[in-house]
Amino acid sequence: MARELEKAGATVRIRNQLGLHARPAALLVERAKAFPCEIFLSKDSLEVNAKSIMGVLMLAAECGSKVTLRAEGDRAEEAVEAIKLLIKGRFGEDE
Amino acid sequence: MKTNRDTGGERGNDRRVLTGRAAAPGVAVGRAVPFDPALPNLPDRRVPEDERQIEIERFKKALLTTAQEVRAFQANVSEQLGEEEGRIFGAHLAILEDQLLIEEVVRRIEEGMNAPVAFSEAMAGTIGRLSGAKNQYLQERTLDLLDIKRRVLAHLLGWGEGGLTGGIQDAILVAPELPPSVLLQLGNEGAAGFIIEGGGPSSHTVILGKALGIPGVVGVSDARVAIPSGAEVVLDGWKGQVVVAPRDEERERALARRAGPEALREGLEWARDLPNQTRDGYQFRILANVEVPSELELVQLAGMEGIGLFRTEFLFLQGGGFPDEEQQIRVYRQLFGVGNGWVTIRTFDLGADRFPVSVLRFPEPNPALGVRGIRLALRRPGLFRQQVRAILRAGAAGRVRILLPMVTTLEEFRLAKGHIEAEAMEVRRAGYPPPAMLHLGIMVETPAAALDALALAEEVDFFALGTNDLVQYTMAADRDNAAVSHLYQPYHPVLLRLVRQVIEAADRQGIEAIACGEMASEPWGASLLLGMGASCLSVDPHHLPRLKSFLTATESRTLKELAQAALARRDGQEVRDLLAESLPEPAERMEITSRIRS
């Protein structure tokens with residue numbers, strides 16, 4: 001019997017004034033890499049691997065844009081929650 | 001035939017003045033050294049099957065070497081400057097360790113591409129997306145990716161650094177773009193400044209320049225053409241100006257100004273203790289022009305009486321979206337923490353050309369004469385009122401002056417006032433403590449407003465004289481357009497007449513006129529303004545020592561006569577000649593500092 005793959009997802013708005021630039025992108029990738037599941041980030045019609053900084057940068061997500069998280073595999077829900085929290089917390093940037 | 005090129009004081013031979021955007025503050029004097037970040041052509045050789053594994057190893061080694069270099073930079077920068085600046089290279093490292101990127105490259109090499117081409121292609125997608133980003137900040141991040149790409153390719157191709165000609169000591173780098181790691185490296189070798197053709201104010205290169213104390217100017221679009229290799233250059237990172245082949249006195253002045261921030265602080269403390277009056281007792285007030293909160297420290301140090309102009313555009317241009325009310329309040333509140341003088345906040349003075357596309361959807365044939373300043377505010381009352389609300393809340397118990405930009409007619413003012421009064425009522429109703437005092441004023445920077453000053457003065461609480469734009473609109477010339485910048489003549493009698501009209505109208509109605517353009521911060525301009533009856537100037541703090549030292553040595557009677565004589569002259573050059581004859585040469589900061597010591 002095949003075990004069903006754990007799935008989770010969420011949509012979050014980027015609230016950093018400067019968008020998903022190099023520093024938050026690096027933080028997001030680091031956070032994502034800690035989880036065994038596959039994690040994807042998408043904006044409009046572009047979906048990228050959240051564990052690749054090149055991918056995340058490619059989204060060019062500016063302040064106010066909506067991004068969708070999608071995770072598949074072990075601890076998928078946990079992963080989505082963790083990244084969601086990171087984004088909502090503006091990656092620790094003030095103002 | 002005498003060439004009459006009155007570009008605000010510039011008459012030249014081979015000497016040229018280029019204007020860009022002030023990026024990293026400071027003054028530099030040096031030789032122009034062109035830097036070309038472009039890479040030589042990539043080889044188009046295909047890799048035979050038995051060599052592909054080696055090629056992959058070569059690529060990985062290049063990544064490793066680059067990562068080592070970047071780590072060294074990071075440590076270097078963190079040590080010299082701090083964690084925050086070091087983090088600039090953190091993302092570079094993450095990119096070099098990106099597994100998916102590496103896989104992309106390896107895959108291509110396995111298909112027969114050589115490493116340089118494979119790597120280039122793998123980076124291309126992301127670079128392309130970023131450089132097309134609507135948000136300027138994200139666009140500037142492209143430079144980071146290009147920096148890495150250059151380094152890795154340089155290792156793969158066995159290529160040296162930047163194709164530099166000549167030594168680096170005292171070099172002023174001239175480049176189309178300048179990767180941050182290159183500035184760091186060359187800065188360590190003694191580079192004195194940088195001039196970049198492209199580039200924006202928040203690129204990592206500029207951030208590093210500021211942190212390292214290397215002055216720079218960006219946005220000088222024809223730099224490589226206009227600045228010959230080896231030419232002597234004076235670079236003013238405060239003003240965003242470059243002088244090629246400077247005159248002797250310009251070089252001397254620049255060398256004197258090169259004295260660093262300690263001299264500025266000394267100067268400000270010294271200036272603070274000077275009286276605010278001319279030698280014969282004519283009192284004046286000098287308020288502060290502030291652009292970013294970090295300048296408030298200088299304002300306080302200098303004991304300036306209040307903030308005559310706080311420009312709010314940077315809040316709206318730093319990133320993709322508009323800052324919300326709370327974010328704005330946090331910034332404005334800092335202004336009220338400096339003494340208890342008036343704080344004059346100018347509502348956003350933005351136009352279609354500087355605006356994020358998402359807000360203004362229509363293109364304009366002529367943005368300079370289009371929807372900007374108060375016109376934009378009235379078209380977007382939601383945003384305008386949000387800013388007003390933030391200002392009112394931040395200014396609780398303080399003395400608030402709201403300044404409206406680009407006003408042309410009385411009707412515009414009345415409409416804006418309606419919005420502001422409605423917001424003030426709502427703020428009170430919501431239970432927030434109101435400002436102790438609230439004044440509404442306008443920038444007088446359009447000829448229409450200047451000519452109608454008397455009627456406007458009856459209804460507004462104060463004027464702010466925006467001489468820079470007033471000159472441009474009146475002379476119908478763009479000062480950044482080299483072909484017509486000679487028409488930018490703030491000392492032309494026509495402008496003086498207009499300015500006097502505004503000052504007199506304000507005086508007649510008993511309201512304050514704050515002179516806040518460049519004219520106010522220059523000793524000669526300030527002299528004329530005082531001579532025409534102005535008594536309130538607003539300047540960038542670092543102009544204060546020179547300005548005050550000059551004004552306190554003048555007599556108001558002389559200034560009045562001077563102004564009258566200037567108004568009777570026929571053109572800008574005659575006025576400048578008059579000023580040169582009648583007024584002493586403005587003192588330099590170094591002289592001021594030596595006066596302190598002696």
Side-chain angles (χ1 to χ4, degrees), chain A residues 12-67 70-72 83 86-95, chain B residues 84 87-105 122-145 148 202 204 293 314-324 326-331 334 356-359:
Chain A
V12 207
R13 216 176 258 282
I14 301 290
R15 292 164 68 213
N16 298 57
Q17 208 173 9
L18 301 170
L20 204 46
H21 63 109
R23 191 187 145 267
L27 284 174
L28 192 151
V29 167
E30 218 185 289
R31 188 65 57 92
K33 280 184 174 171
F35 295 95
C37 52
E38 299 225 319
I39 310 175
F40 302 96
L41 203 59
S42 61
K43 184 186 114 165
D44 302 325
S45 53
L46 182 62
E47 188 177 66
V48 300
N49 189 321
K51 295 183 185 178
S52 160
I53 191 169
M54 292 294 285
V56 173
L57 281 176
M58 192 150 78
L59 282 184
E62 37 186 63
C63 180
S65 57
K66 252 197 306 213
V67 298
R70 184 168 76 83
E72 259 180 37
I83 297 178
L86 194 59
I87 296 177
K88 281 184 144 181
R90 289 186 192 152
F91 297 91
E93 285 175 5
D94 34 38
E95 271 173 75
Chain B
E84 215 27 70
R87 261 184 228 142
I88 287 172
F89 295 108
H92 288 207
L93 283 171
I95 293 170
L96 290 165
E97 292 164 0
D98 190 297
Q99 282 312 308
L100 276 104
L101 173 64
I102 294 172
E103 274 169 32
E104 284 283 302
V105 178
M123 297 274 295
T126 308
I127 292 179
R129 277 283 295 199
L130 268 186
S131 66
K134 295 183 286 191
N135 171 332
Q136 190 192 17
Y137 190 85
L138 286 175
Q139 256 188 41
E140 289 168 11
R141 303 283 70 79
T142 314
L143 201 52
D144 293 304
L145 292 182
I148 297 175
S202 54
H204 281 152
F314 84 97
L315 280 167
F316 299 86
L317 293 176
Q318 274 194 348
F322 271 111
D324 62 28
E326 298 301 324
Q327 285 171 315
Q328 290 188 52
I329 292 176
R330 264 195 293 266
V331 174
Q334 294 177 63
V357 172
S358 54
V359 180

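Proteins get letters first, then strands, A, B, ... in listed order; numbering begins at 1 in each. Only a predicted model underlies this, so the values are computations on that prediction, with no experimental measurement involved.
Around atom CD of A:Glu30, no more than 12 heavy atoms belonging to other residues, nucleotides or ligands sit under 6.0 Å away. Summarising the local packing, NZ of A:Lys88 is surrounded by 12 or fewer heavy atoms from other residues, nucleotides or ligands at distances under 6.0 Å. Counting heavy-atom neighbours within 6.0 Å of A:Glu72 CD, excluding the residue itself, gives a total above 12.
With a 4.5 angstrom heavy-atom cutoff, A:Leu46 touches chain B only via side-chain atoms. Contacts between B:Leu93 and chain A at a heavy-atom distance below 4.5 Å are absent for every atom of the residue. With a threshold of 4.5 angstrom between heavy atoms, A:Ala25 does not approach chain B through any atom at all.
Taking every heavy atom of both residues into account, B:Ile95 and A:Leu57 meet most closely at CD1-CD1, 4.0 Å. Between A:Met54 and B:Met123, the shortest heavy-atom distance links the atoms CE-SD, 3.6 Å.
A heavy-atom distance below 4.5 Å is not found between the side chains of B:Asp98 and A:Val29.
In this structure, the separation between CG on A:Asn49 and CD on B:Gln99 is 11.0 Å, given to the nearest 0.5 Å. The distance from atom OG of A:Ser52 to atom CD of B:Glu104, rounded to the nearest 0.5 Å, is 8.5 Å. B:Leu145 CG to A:Met58 CE: the interatomic distance, rounded to the nearest 0.5 Å, is 11.0 Å.
Among residues two or more places apart in sequence or in another chain, the side chain to side chain contact (heavy atoms under 4.5 Å, CB included) test is passed with A:Ala32 by A:Ile39, A:Ala50, A:Lys51, A:Ile83.
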